[in-house]
Amino acid sequence: MALLDSLTAADDLTAAVTCPDATLSRHELLGRAAAVAAGIAGAPAVAVHATPTAATVVAVTAGLLAGVPVVPVPPDAGRLERAHLLTDCGATLMLSDEPAAAGESGLPVLPVSRAGRGAVPPEPPPSKPALVLYTSGTTGPPKGVVISRAAIAADLDALAEAWQWTAADTLVHGLPLFHVHGLVLGVLGALRVGSRLVHTGKATPDGYAAAGGTLYFGVPTVWSRICAAPAAARALGTARLLVSGSAPLPVPVFDALSALTGQAPVERYGMTETLITVSARADGPRLAGHVGTPLAGVRTRLAGEDGHLQVRGPTLLDGYLRGGTVEPPGLAEDGWFPTGDIATIDADGNHRIVGRASTDLIKTGGYRVGAGEVEDALLLHPAVREAAVVGTPHPDLGEQVTAFVVADPVGESELIAFVAERLAAHKRPRVVRMVDDLPRNPMGKVRKSRLKEM
Ligand code: MLC
Ligand code: AMP
């Protein structure tokens, strides 16, 4: 079924999407998005100032209706990051109700919430790119991952099957609308399945508890905070399914959530490049520390002695955006995508993510942060001579961004603020440690495993 078929078929007047700024019925969402779509038709790509609002839902839907690739831009992206995204992605317009949303890029900003009602255009072909999601690699600035309509449709249908997700559900979450978790699953999933969506603005325990949903999405940090607020956790006991993903859910959080809500969470695993590929099922076992079995249509295998997880199936990216063209991803010789994660698979097919192959990709609060991008930002500071960034264990965030810096006299908070001005908020180091020199191997490469131990 084409990506938007179910949305365009169900043109009803009941509340479909509730965000802190507005509630929209499907009729309102579709009409408004169609009006915006008419204004962007034929654009090479459109940027969206991706605040957690109904305006963002309208803007993204408009891009999908028009068949114009949507590039969600983190609202807190620092100057450097915003400039990189907006030049790299080739967007000629930004959709937002905030006139200043395009920053210094000079892109024209088209408002979305005052749009009237337009006629729904015909569905674009499934092979067309739907989204360009920017995500960090180990080095350099974030890369644009091009994701087709067909990949999204395949992933959402497989998730709906695994989770018994239907139009009778009310989905609740408070995740950012510029990544796979909050946007693809959290918005497009609800629109495709036909379930109501309540976005809580911020992912707080009280917000989740008050929303009265049947299906909840969260990253492990959110679940850990909910467990620390037992009254809120107990209020989720009436929900049908609590889903965790984007980072490892610590076993003590799995256990606490199970005890407080009376049900074990469903864990699932994915990546920007592959969408969600492995998940526990609504009708299957939910094992702490495990992320379940491959979704329908997805195959997985372990390569090499360490158990490098590779995946293949209909949900993979088209490629990375490079210089205006889509460059195919580096696949193993026989077409499998190397995830960079190390995993084990038990006799029943249950997957366990053991860790990442590279120390240069950090997961903090569910956000993926490339060490190289933060190091590059630190090195722009005139006092900084050398910088090495690693993830170190953090009880709330999983990992925290920790920087080791060789520098002329400069305050740690000055360096943190310096990064914050250039990159998104969660990429700021939480800790900066001044050192006389960095541990290096005989080739001169920084020994990051040594830094992690310090
Ligand atoms: C943060 N703060 C700092 C700081 N870092 N202050 C000083 N120095 C630093 N280095 C500030 C923040 O700005 C914030 O301030 C306050 O400290 C608390 O920050 P926080 O602890 O990070 O919490 P919070 O803002 O509440 O966010 C936690 C969170 C968030 C879990 C809600 O991290 C989040 O939404 N994560 C989701 C990421 C996600 O969706 N990933 C999916 C990727 S897709 P203030 O003033 O703002 O309160 C994917 C595929 C898949 O992975 O499998 O799903
Ligand atoms: P991102 O591209 O931001 O989606 O990050 C993808 C990475 O998040 C994966 O490569 C994993 O390292 C990690 N990840 C996602 N879901 C899980 C999970 N359930 N358990 C452990 N790690 C996860």
Using the side chain to side chain contact (heavy atoms under 4.5 Å, CB included) rule, take Tyr134 and Leu321 through it: C-alpha gap first, then chi angles, then the decisive distance, then the call.
-> CA-CA 9 Å; Tyr134 276 81; Leu321 209 55; 3.8 Å; yes
For the backbone of [Y] and the side chain of [X], can you confirm whether one donor and one acceptor N or O come within less than 3.5 Å of each other?
X: Arg312; Y: Arg301; answer: no
X: Glu81; Y: Pro142; answer: no
X: Arg149; Y: Leu3; answer: no
X: Arg430; Y: His426; answer: no
X: His173; Y: Gly186; answer: yes
X: Tyr216; Y: Tyr208; answer: yes
X: Asp346; Y: Asp348; answer: yes
X: Glu399; Y: Ile362; answer: no
X: Asp97; Y: Val112; answer: yes
X: Lys452; Y: Gly391; answer: yes

Decide yes or no for [X] and [Y]: does some side-chain heavy atom of the first lie under 4.5 Å from some side-chain heavy atom of the second?
X: His308; Y: Ile342; answer: yes
X: Ser279; Y: Val266; answer: yes
X: Glu373; Y: Arg422; answer: no
X: Leu275; Y: Ile152; answer: yes
X: Leu95; Y: Ile40; answer: yes
X: Val145; Y: Tyr320; answer: yes
X: Val57; Y: Leu24; answer: no
X: Glu273; Y: Thr135; answer: yes

Pairs meeting criterion side chain to side chain donor-acceptor pair (under 3.5 Å) with involvement of residues 223-251, two or more places apart | Asp169-Arg240, His181-Ser246, Arg225-Asp396
Over all heavy atoms of both residues, which pair between [X] and [Y] is shortest? Give the atoms and the distance, please.
X: Pro205; Y: Ala232; result: O-CB, 3.6 Å
X: Val70; Y: Gly63; result: CG2-CA, 3.6 Å
X: Val180; Y: Met271; result: CG2-O, 4.4 Å
X: Leu177; Y: Thr51; result: CD1-O, 3.8 Å
X: Thr8; Y: Leu30; result: CA-CD2, 3.8 Å
X: Gly116; Y: Ala35; result: O-CB, 3.5 Å

Pair His49-Val73, side chain to side chain contact (heavy atoms under 4.5 Å, CB included): steps then yes or no | CA-CA 5 Å; His49 183 58; Val73 180; 5.5 Å; no
Kindly compute the distance separating [atom1] ([X]) from [atom2] ([Y]), expressed to the nearest 0.5 Å.
X: Arg117; Y: His27; atom1: CZ; atom2: NE2; value: 3.5 Å
X: Leu107; Y: Cys89; atom1: CG; atom2: SG; value: 7.5 Å
X: Thr56; Y: Asp21; atom1: OG1; atom2: CG; value: 8.0 Å
X: Leu242; Y: Ile226; atom1: CG; atom2: CD1; value: 8.0 Å
X: Leu295; Y: Thr300; atom1: CG; atom2: OG1; value: 10.5 Å
X: Glu267; Y: Asn350; atom1: CD; atom2: CG; value: 11.0 Å

Is a salt bridge present between Asp88 and Lys143, judged by a nitrogen-to-oxygen distance below 4.0 Å?
-> no
Test side chain to side chain donor-acceptor pair (under 3.5 Å) applied to Arg192 and Asp5, Asp155, Asp157, the passing residue | Asp157
Identify which one of Thr23, Thr170, Thr18 satisfies the side chain to side chain donor-acceptor pair (under 3.5 Å) criterion when paired with Arg196.
-> Thr18
Given Val120 and Leu65, is the side chain to side chain contact (heavy atoms under 4.5 Å, CB included) satisfied, shown in steps?
-> CA-CA 7 Å; Val120 175; Leu65 284 174; 4.0 Å; yes
Among Asp376, Val401, Asp360, find the one that has a side chain to side chain contact (heavy atoms under 4.5 Å, CB included) with Val389.
-> Val401
Walk me through it: do His351 and His290 pass the test ring pair (Phe, Tyr, Trp, His ring centres under 6.0 Å)?
-> CA-CA 6 Å; His351 289 51; His290 291 72; 9.6 Å; no
Side chains of residues 248-257: which donor-acceptor pairs under 3.5 Å do they make with residues two or more places apart or in other chains?
none

Thr204 and Asp206: side-chain donor and acceptor closer than 3.5 Å?
-> no
Under the side chain to side chain contact (heavy atoms under 4.5 Å, CB included) criterion, do Trp163 and Leu185 qualify, and how do the steps go?
-> CA-CA 12 Å; Trp163 298 344; Leu185 277 59; 4.1 Å; yes
